There are 2 protein chains.
Amino acid sequence: MTDKKIIPMSDDIEIPPRRPLTLRDVSEASGVSEMTVSRVLRNRGDVSATTREKVLKAAKALGYVPNKIAGALASSRVNLVAVIIPSMSNMVFPEVMTGISEVLDDTPLQPVVGVTNYLPEKEEEVLFEMLSWRPSGVIIAGLEHSDASRAMLRAAGVPVVEIMDVDGEPIDAVVGISHRRAGREMARAIVKSGYQNIGFLGTKMPLDHRARKRFEGFTEALAKEGVEVMDQEFYSGGSALAKGREMTDTILKRSEDLDFLYYSNDMIGAGGLLYCLEKGIDVPGRIGLAGFNGVELLDGLPRKLATMDSGRREIGREAARIIAGRSDGSITEGGQRVELTPKLEPGMTLRRYR
Amino acid sequence: MTDKKIIPMSDDIEIPPRRPLTLRDVSEASGVSEMTVSRVLRNRGDVSATTREKVLKAAKALGYVPNKIAGALASSRVNLVAVIIPSMSNMVFPEVMTGISEVLDDTPLQPVVGVTNYLPEKEEEVLFEMLSWRPSGVIIAGLEHSDASRAMLRAAGVPVVEIMDVDGEPIDAVVGISHRRAGREMARAIVKSGYQNIGFLGTKMPLDHRARKRFEGFTEALAKEGVEVMDQEFYSGGSALAKGREMTDTILKRSEDLDFLYYSNDMIGAGGLLYCLEKGIDVPGRIGLAGFNGVELLDGLPRKLATMDSGRREIGREAARIIAGRSDGSITEGGQRVELTPKLEPGMTLRRYR
DNA sequence: ATCGGAGAGGTTAGCGTTAACAACGCAATA
DNA sequence: TATTGCGTTGTTAACGCTAACCTCTCCGAT
């Protein structure tokens, strides 16, 4: 009340309040204490209807926006959930985000996204940055992290949900599918349909652990059937659809006997499909095709590509549910493990027999 | 230094520090004042190399993560940029985000995203929420906002960049293209190529102002040429590619004379293209097609769809540059206006003559 | 010997909010 | 009438950090 700053000002009637508004301003405007204003604005404690309205009117008139920074510091409660994903341009992660938002929208929590570009060092940076805001929980893609990252996550003292993948040792909770198993099942389905000369097309994957695990599961299951991957082709960067075409062209020219192509994602698979149809190749008679993810886009293709739905949206929802539950106290234990089952969608490109 | 809290503890050597670490812990561990630790951790002020190392070692050993909440409150500097966009599943906005991140990565600033689902009320909520974190700047899609939103943005006292669109009254800075103009130019190009019976296919657009403006510019320019839109078809929700097919089927069956279809985005345009090719319709001879946005996906289609590049990535970059410049003081004035020029890409579906 | 000044580090006082508790007024009860 | 107790409002002290100022030491110039 004492240190009212004197600011030299023009004669304008309407002085735009250059100093940002605080509770104090609202309290002065409404004639009650800051504490009461705080209570009104958070609907907490008993405040008489009269005071409540007086305060709300003043706050609205001034255009007061509470300062969450100060609030968070005082209450040591931050309603943010850190979400750390490798990429935004993949269509997969926006869908996960959608699932997360759907659930968090019904809670006081808010997601904040960080992108790592599949780089462990970047992940470490982003994680450090996010943890320094003391979020109420962390949702992070994958189970592979640097030692420093794992240490940070463990030390953060908040719920951590690793998503997408369940093949590995989680730090706390996990929600995802088994990519190895997804690869295995696809391999079996392919062989069962009578294909024998199988090619694999995917990303250059040293850092895409999930693609790698799918490939491992795939080759492993093929091996059990006495089949080996006949040829492979990898790409990085560029329009996935166009790359799918190019790679398909390359691999088919190189290995003419191929009768099945397994793509590590739907986008390149779609490119391959378009390529084959254009070339008049009989799909799935002469060659079968399959992708991975179950993206919506497939519904619009000339022929439905075989794929395996990775349940991205549901993964997001489950992860958010765990964080929300633990944060509001309705879940007390940690370490939950939710394995979703990827569903094989044979579409029209995987069914030589029957 | 006086009020060291006594915590009853077991005899364990390694006490997992359940109370979150503070500067104090680091200062005690390294034998210097908190202030010095703070200086080291922010590379500010003069600290001897010896002390610096001592402090860094202690911080790392403890696994200390600074509390930005407290830091922000004390310094009243928050290195966050609020980015408010209508949707994440559009492929357009992830690209804008990429542009923003590219630029902000070289600054201390960090983007934080909020999604409005094209709903003004939701925009208001999200904006309020974000402003309560006192960000250093706001990047927000579109020029149409509720009165309350505009008031908040003006009162926030930070740089505001409205992006995507320049047709309207900005609050502060704008970066985007003129969608009216984009619509007009496409109309002219279509007519110039000799098409006369033109259909429009798009989203139900009461809330998609940019699509609406394109449509307005489109019809306006057609009118000048004495041409009227012959038929229209709108959709909402679902897989855009599949919707493009369906709508194309519907409109072509309803209006057999149509010789050009203008789609409000590339995705439905691609669906339409695939449909026409499948039906054996001569494109662009019998029917011409065009979309909007210039998405990468088009590169992989059987035929390159005519489109107009909306320069999303560059929009993100420019917007981020303005925020960054104003926030580090290298730009002092406000109200900048950057109008990018959308480039017509005729592809292979818009060129009946020549 | 004296002084100026740079380098290194410490002290103090907030930043704007909320938790915890204290205090007040007034009606119902003993 | 005194007492209890509830509903309502105010007071005080953090929360963890940084800006601003202050002190001390040491060294070279005078």
Side-chain angles (χ1 to χ4, degrees), chain A residues 1-5 17 19-55 58-59 62 64-79 108 131-136 157, chain B residues 1-5 17 19-56 58-59 62 64-79 108 131-135 157:
Chain A
M1 279 252 175
T2 48
D3 61 324
K4 197 161 199 169
K5 264 181 205 136
R19 172 185 39 102
L21 294 168
T22 71
L23 270 190
R24 167 77 129 267
D25 298 285
V26 182
S27 101
E28 280 169 7
S30 53
V32 298
S33 73
E34 300 175 39
M35 197 57 230
T36 303
V37 176
S38 170
R39 282 196 265 253
V40 170
L41 265 28
R42 289 176 300 143
N43 303 308
R44 225 173 294 275
D46 317 275
V47 182
S48 71
T50 339
T51 326
R52 151 167 274 103
E53 252 159 64
K54 212 167 44 180
V55 170
L62 292 172
Y64 172 70
V65 176
N67 185 329
K68 287 218 177 177
I69 307 244
L73 183 60
S75 65
S76 47
R77 251 184 276 107
V78 183
N79 291 325
L131 288 180
S132 72
W133 288 101
R134 300 287 187 271
S136 301
Chain B
M1 281 260 170
T2 48
D3 62 324
K4 195 161 197 168
K5 269 184 200 132
R19 172 188 36 105
L21 294 169
T22 71
L23 269 191
R24 167 76 128 270
D25 297 287
V26 182
S27 99
E28 281 170 7
S30 53
V32 299
S33 73
E34 298 176 39
M35 196 57 231
T36 303
V37 177
S38 170
R39 282 196 266 253
V40 170
L41 263 28
R42 288 177 301 143
N43 303 308
R44 228 173 290 274
D46 317 275
V47 182
S48 71
T50 339
T51 321
R52 152 168 271 101
E53 251 159 65
K54 213 165 43 177
V55 169
L56 287 176
L62 292 172
Y64 174 70
V65 177
N67 185 330
K68 286 220 177 177
I69 306 243
L73 183 60
S75 65
S76 45
R77 252 184 277 106
V78 183
N79 291 325
L131 289 181
S132 72
W133 288 102
R134 302 285 188 270

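Lettering of chains follows the sequences in order, A, B, ..., and the numbering in each one begins at 1. Source: prediction; values computed, not measured.
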Query raised in the report: In whole angstrom, what separates B:Ile69's CD1 from C:dT17's P?
Result: 14 Å
Query raised in the report: Rounded to the Å, how far apart are B:Glu34 CD and C:dT12 C1'?
Result: 12 Å
**Report entry** Distance below 4.0 Å between A:Thr51 side-chain N/O and D:dT8 OP1 or OP2
**Finding:** no
Query raised in the report: So what does A:Ser76 hit on the nucleic acid, given a heavy-atom distance under 4.0 Å: a base, only sugar-phosphate, or nothing?
Result: nothing
**Report entry** Below 4.0 Å: OP1/OP2 of C:dG9 and any side-chain N or O of B:Ser33
**Finding:** no
Query raised in the report: Of the candidate nucleotides D:dG16, D:dT8, C:dT11, which contains the atom at the shortest distance from the side chain of B:Ala70?
Result: D:dG16
Requested in this report: Answer yes or no: does a side-chain N or O of B:Arg42 lie under 4.0 Å from OP1 or OP2 of D:dT18?
Outcome: yes
Query - Length of the CG-P vector between B:Leu23 and C:dT11, whole Å - result: 15 Å
Query raised in the report: For C:dC15, does OP1 or OP2 lie under 4.0 Å from any side-chain N or O of B:Ser75?
Result: no
Query raised in the report: Does OP1 or OP2 of C:dT18 have a side-chain N or O of A:Arg39 closer than 4.0 Å?
Result: no
Query raised in the report: Rounded to the Å, how far apart are A:Asp46 CG and C:dC26 C1'?
Result: 15 Å
Requested in this report: Would you kindly give the CZ-to-C1' distance between A:Arg24 and C:dG14, to the nearest whole Å?
Outcome: 13 Å
Report task. Indicate whether OP1 or OP2 belonging to D:dC15 is found under 4.0 Å from a side-chain N or O atom of B:Thr22. Result -> no
Report task. Give a yes/no answer on whether the side chain of A:Ser48 brings an N or O atom under 4.0 Å of OP1 or OP2 in D:dT9. Result -> yes
Requested in this report: Check the distance between C:dG16's C1' and B:Arg77's CZ and give it to me in whole angstrom.
Outcome: 17 Å
Report task. Output the single nucleotide from D:dC17, C:dG16, C:dG10 whose closest atom is nearest the side chain of A:Leu73. Result -> C:dG16
Requested in this report: Grab the CE-P distance between B:Met35 and C:dG10 for me, whole Å please.
Outcome: 10 Å
Query raised in the report: How would you label the contact of B:Asn67 with the nucleic acid (heavy atoms, under 4.0 Å): base, sugar-phosphate, or nothing?
Result: sugar-phosphate
Requested in this report: In whole angstrom, give the distance that lies between atom CG of B:Leu41 and atom C1' of D:dG16.
Outcome: 13 Å
Query raised in the report: Does OP1 or OP2 of C:dT17 have a side-chain N or O of A:Tyr64 closer than 4.0 Å?
Result: yes
